[in-house]
Structures are given as C-alpha cells and as structure tokens.
Amino acid sequence: MLLAHGAADLKERLLAGPLTAYTPATPATPTRLRATLAEVRQRGYAYCPGYVHEEALGVAAPVRGADGQVVAALSVIIPNDAGAQAVYGRPRRVPCARHATGREEGRCVTGV
C-alpha cells in the first residue's frame, strides 16, 4: 500500500534492485510489481494472496492525511486456504480508515 502511493524515485530504486520471490505468487519482477502497484492504486486497497507466505493472505487499506495523501496503512492477515476463501472471499468492501480514526475525510472503497 505505502509503496503503491510512495514517491516515484523510491519505487524506481526498489525496482532497480534485486526483488525476492518468497513464493511463486510474489510479484518479484519489475513488470509484475509495477502492475501490482498500479492495481493497488486503481482498486484502492491491496489484496495479496500468498505473496509472502503461501498460507497467508494480506489485505491492506490506506490511511489518508487531511491533504488526501496516504500516510499509513491498515492491514490484516488471514489464512490463505479454501476454508478462509469460502468464509471471507475476495473483499467486496474495505472499511474506510475514517471509521477507525473518527475523521470524515477519505472515501470508502468498494471492491469487485
């Protein structure tokens, strides 16, 4: 989440270095990582099934400052298995960070 909304020079420095593939699902090539970051920005949240560990699924939502810039992220990790997928599925709606902070800035994100 933070990298997707971070400074362009930071992204390029990271993409220029070696990228580690923790699992086959890890976006560990510059092309795959760029596409993943663009998808996160477009969708409004990160959905990362098996990226770091095959049995873990991460979902992250942005926390925006008063100026609308992403300043932090809220994330959860759940099991990445058929049972969890049946119960949780792919997120349809990610709660706004404003609900957690009590602020009215920001926007809610609806999924696919």
Side-chain angles (χ1 to χ4, degrees):
M1 180 58 58
L2 296 177
L3 185 59
H5 294 279
D9 63 324
L10 173 64
K11 283 182 246 183
E12 291 309 313
R13 282 196 317 265
L14 183 83
L15 289 164
L19 299 173
T20 303
Y22 297 101
T23 73
T26 304
T29 66
T31 300
R32 280 188 64 201
L33 186 52
R34 276 189 182 96
T36 299
L37 296 173
E39 189 175 286
V40 167
R41 286 188 305 274
Q42 185 274 328
R43 186 184 320 136
Y45 64 92
Y47 181 81
C48 309
Y51 282 17
V52 177
H53 190 282
E54 290 178 348
E55 296 177 8
L57 184 154
V59 180
V63 176
R64 297 181 183 275
D67 63 357
Q69 297 298 308
V70 174
V71 296
L74 299 173
S75 64
V76 295
I77 306 295
I78 62 171
N80 187 29
D81 60 21
Q85 294 293 328
V87 172
Y88 300 108
R90 187 173 178 100
R92 298 263 186 246
R93 183 176 175 86
V94 176
C96 296
R98 72 178 177 206
H99 296 301
T101 64
R103 305 191 84 170
E104 291 303 317
E105 296 91 17
R107 61 185 174 87
C108 291
V109 177
T110 55
V112 290

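Keep in mind that the numbers below use all heavy atoms, side chains included, and drop hydrogens, waters and symmetry copies.
The minimum heavy-atom distance linking A25 with P49 is given by the pair CB-O, 3.6 Å.
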Please list, one pair per line, the donor and acceptor atoms closer than 3.5 Å that link side chains of residues 65-77 to other protein atoms, with sequence neighbours excluded.
residue, atom, partner, partner atom, Å
D67, OD1, Q69, N, 3.0

Donor-acceptor pairs under 3.5 Å, side chain of residues 50-61 to any protein atom, not counting sequence neighbours: which ones?
residue, atom, partner, partner atom, Å
H53, ND1, E55, N, 3.0

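In this structure, CD on E39 lies 16.0 Å from CZ on R34, to the nearest 0.5 angstrom. With rounding to the nearest 0.5 angstrom, the CG atom of L33 is 5.0 Å from the CG atom of L15.
Members clustered with Y22: none, using a 4.5 Å side-chain heavy-atom cutoff among hydrophobic residues.
Residues T20 and T26 have side chains not in contact (no heavy-atom distance under 4.5 Å, counting atoms from C-beta outward).
Applying the salt bridge (Lys or Arg N to Asp or Glu O under 4.0 Å) test to every pair with at least one member in residues 20-32, sequence neighbours left out, gives no pairs at all.
Linking ILVMFWY side-chain heavy atoms closer than 4.5 Å, directly or via other members, places V40 and L10 in two distinct hydrophobic clusters.
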